[in-house]
Amino acid sequence: MSPYLRVLIVEDSEDDTLLVLRELRRGGYTVDYVRVDTPAAMQAALNQQSWDIVIADYNMPAFSAPEALKLLQSRKLDLPFIIVSGTIGEEIAVAAMKAGAHDYLIKGNLARLVPAVERELREAQERHKRHSAERALQESEERFRQLAENIIEMVFWMSDPGERQRLYVSPAYENIWGRSRESLYANFMEWLEAIHPQDRQHIETVFFEQSLAGTYDEEYRIIRPDGSLRWIRDRGFPIRDKSGEPYRVVGIAEDISDRKLAEQQIREQAALLDVATDAIFVQDLEQHLLFWNKGAERLYGWEAAEVLGRSAESLMYKSEETLPPFEAIQTILAAEGKWQGELQQVTKDGKKIIVESRWTLVRDVAGNSKSILIVNTDITAKKQLEAQFLRTQRLESLGTLASGIAHDFNNILTPILAIAQLLPLKFPKLDENTQELLRMLEGSAKRGGDLVTQILSFSRRGVEGSRTIVQTRHLLSDVAQVAQRTFPKSIETQTNIAPNLWTVFADATQLHQVLMNLTVNARDAMPDGGILEISAENLWVDESYARMHVDAEVGSYIVITITDTGCGIPPEIMDRIFDPFFTTKEVGKGTGLGLSTVMGIIKSHCGFVNVYSEMGKGSRFQVYLPSSQVTETPAATDVELPNGHGELILVVDDEVTICQITKSTLESHNYKVLTASDGIEALALYAQYKDEISVVLIDLMMPGIDGSTTILTLQRMNPHVQIIAMSGLMSNWTTAQKRSFGIQYFLSKPFTAQALLSTLREVRDS
């Protein structure tokens, strides 16, 4: 589309006008023009519309180019003005250019017309942009002046601080410095001489050496003429020209004396409060922390810098069960101005505490509620002593009861045991199934006697349980038989016990109790049926594995695993399942002592317990017991493990410890490692290093994008990606479930270095 050009032609010759138009149209312009040859006609044309350019003949009978130029200038119109003449001398042309014309052409050489027009249009456009900028600057400076003249802070600008010359200070200078602006303009150094001697040298360096380099923010003291001391906060930044060179410093200064005084008073009060042993803190009405003393730091583990401004509720209360009735407390505070009671809280490291809390409502001078002062005294130890005392009383009562019934209970068991042993003698031709039932009856009676002894030992009214070398295979087989015969038929019991299972030094009766508690819990988790698997294997715990589990030590263990396919354990209660008296069962169906008893017994045997669970898929309890007698030589720590060849491995797990230990293990065996804490980060890293990553080691259970979704996305990104899946519930998966992921390599958590490196070698060699 041709450019559109509005041309005002000052010419008395119609033929010459047509020549000009022809040249413009040849140059590609669509021309809208008016020809004028008198001042009045030109005035009318200028009033009629706006124009892009004026092309004027130098000399006409009733008009001339110089007169047309003056007319434009009188109207302050900055339009490109080109003179066209048949005969014009060089002196006249130069005079016309000095008067304001932009170019001149000879009518016999109109080939220069279009280039001249194009050039002048460009220059006119540029002039318009400079003019616009100047107007904007003037308007901006006027707004700045009005703002600066009416705010309580002092506004200033200063040209080239190295020259020590301020150009402007706002009237607020007189209120803050106590001096007049006129005196400052007369003696530029007056403001610096007013700065406190201890602050002067630093501020002088900032202003005259550093202010042009970048933004500054300084606080300093000044001494006013009346001798009073004031605190100033001075902030400024350099203004730069188009080349990036600073040429002016602009800043704002405010009197912060009242704030400094208040801060000093608060520090003095805080120093007194920090002497107190109680936790003392202040929060606003929305529970944001405003003050936090040293006593609070000691009790909760949070330093003041970590908590100020944060919500007290989010720091001290981690579950709905421990949340205090805030609405009721606020009602009492509003009515009485204070509240006192006991609260259950948590520390920074998750430790549960109980505090005696005293709240006082603080009001402002107008009587409006402003904040809440809270003093908390740690009474956790006191409450534990009270609970221990009550527990001791209950145990004493239990011991008295146990002692009273032990004799009668043994009397009941004695004939049962005797008959179970006598019947095979009286009826030697009993079939094998009946004989097995009698053997079970005999064994149960013996265990009943052992349990009586254990109860007496527990109540400290009998002998301590004895520990011997125990082959747990027999205990496991016995528990499996009890489950098969007594659990609902909808529950299928499976066993998988290593043939060369090592022995442990333990109390057999206590271990039997552990196994029964875990299998009964598994049964209760599968009300609609499922699979109960009882397995055991030998395990050599190396240093890498031990670092994954704080209770583990390097050495030989047997691992007993009880797995169910039940409802699973909700994540929010996972940390509480081993607490005494904690139960999710209905009233009358559980005491909440089963798992706490399991944990107590296993810890007393220097072992530990791991739990893995997924809602809707089941749970796995792993009991680790140190082995006392090993039937085969354990894998030595100096056994040569398969090393890598510098391959890059991507490890994906939301447990930071797992990522760190796995990374350390792999790097020590000649692998390079990238780690990701979730699926999104894993996909981003893989997209970045896809051509370098050899294997992805990924956990299947992660928050956000889980492992399975991440794996499918990785396979879309690269159908040939090598993946090793890992999970704490891997042993509970069927082969079909594993195949559904479309991958061949799996690691069951927790895994040893040998298992990890061997699996990687298998992937590498495939």
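Residue numbers count from 1 along this sequence.
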| field | S228 side-chain N/O to R224 backbone N/O, donor-acceptor pair under 3.5 Å | value | no

| task | Check the surroundings of atom CD in E182: do more than 12 heavy atoms from other residues, nucleotides or ligands lie under 6.0 Å from it? | result | yes

| Is the number of heavy atoms from other residues, nucleotides or ligands under 6.0 Å of E303 CD greater than 12? | no

| said: Looking at K70 and E67, is any side-chain nitrogen of the basic one under 4.0 Å from a carboxylate oxygen of the acidic one? | reply: no

| Would you find a donor on one side and an acceptor on the other, under 3.5 Å apart, between the side chain of T215 and the backbone of F237? | no

| query | How far apart are the closest heavy atoms of D52 and P80, and which atoms are they? | reply | O-CD, 3.2 Å

| field | R358 (side chain) donor-acceptor with Q340 (main chain) under 3.5 angstrom | value | no

| query | Hey, are E306 and K348 close enough for a salt bridge, meaning a charged N less than 4.0 Å from a carboxylate O? | reply | yes

| said: Can you tell whether the side chains of K383 and E342 come within less than 4.0 Å, N to carboxylate O? | reply: yes

| Counting N and O atoms only, with roles assigned by atom type, does the side chain of N293 sit under 3.5 Å from a partner on the main chain of I280, one being a donor and the other an acceptor? | yes

| Do the non-hydrogen side-chain atoms of V652 and E681 ever get within less than 4.5 Å of each other? | no

| field | Under-4.0 Å salt bridge between K382 and E356 | value | no

| said: Distance check, rounded to the nearest 0.5 Å: Q198 atom CD versus Y220 atom OH? | reply: 16.0 Å

| query | Quick one: do R233 and D255 make a salt bridge, cutoff under 4.0 Å? | reply | no

| request: To the nearest 0.5 Å, tell me how far I372 CD1 sits from K338 NZ. | output: 15.5 Å

| field | Test item: T662 side-chain N/O and C659 main-chain N/O as donor-acceptor pair under 3.5 Å | value | no

| request: Report yes or no: is the cationic atom of R310 (NZ for Lys, CZ for Arg) under 6.0 Å from the centre of the six-membered ring of W302, at an angle within 45° of the ring normal? | output: yes

| Between D199 and R221, is there a side-chain N and carboxylate O pair less than 4.0 Å apart? | yes

| query | With distance as the sole test, does R119 use its side chain to make a donor-acceptor pair with the main-chain N or O of V117 at under 3.5 Å? | reply | no

| When rounded to the nearest 0.5 angstrom, what is the spacing between CZ in R6 and CG in L79? | 9.5 Å

| Evaluation steps, side-chain contact (heavy atoms from CB on, under 4.5 Å), between W51 and L77 | CA-CA 10 Å; W51 300 95; L77 293 175; over 6 Å; no

| Among N376, T377, I379, which one satisfies side-chain contact (heavy atoms from CB on, under 4.5 Å) with S357? | N376

| query | Does the pair K370/D284 count as a salt bridge with the N-to-O cut at 4.0 Å? | reply | no

| Between R235 and E254, is the closest basic N to carboxylate O distance under 4.0 Å? | yes

| For I152, does the CD1 atom have more than 12 heavy-atom neighbours from other residues, nucleotides or ligands under 6.0 Å away? | no

| note | On a heavy-atom basis, the closest approach of A253 and I176 is O-CD1, 3.9 Å

| query | To the nearest 0.5 Å, what is the distance between OH (Y104) and CD1 (I83)? | reply | 10.0 Å

| said: Treating N368 as the side-chain partner and D364 as the backbone partner, does any N or O pair qualify as donor plus acceptor under 3.5 Å? | reply: no

| Between the side chains of Y173 and E190, does any donor sit under 3.5 Å from an acceptor? | yes

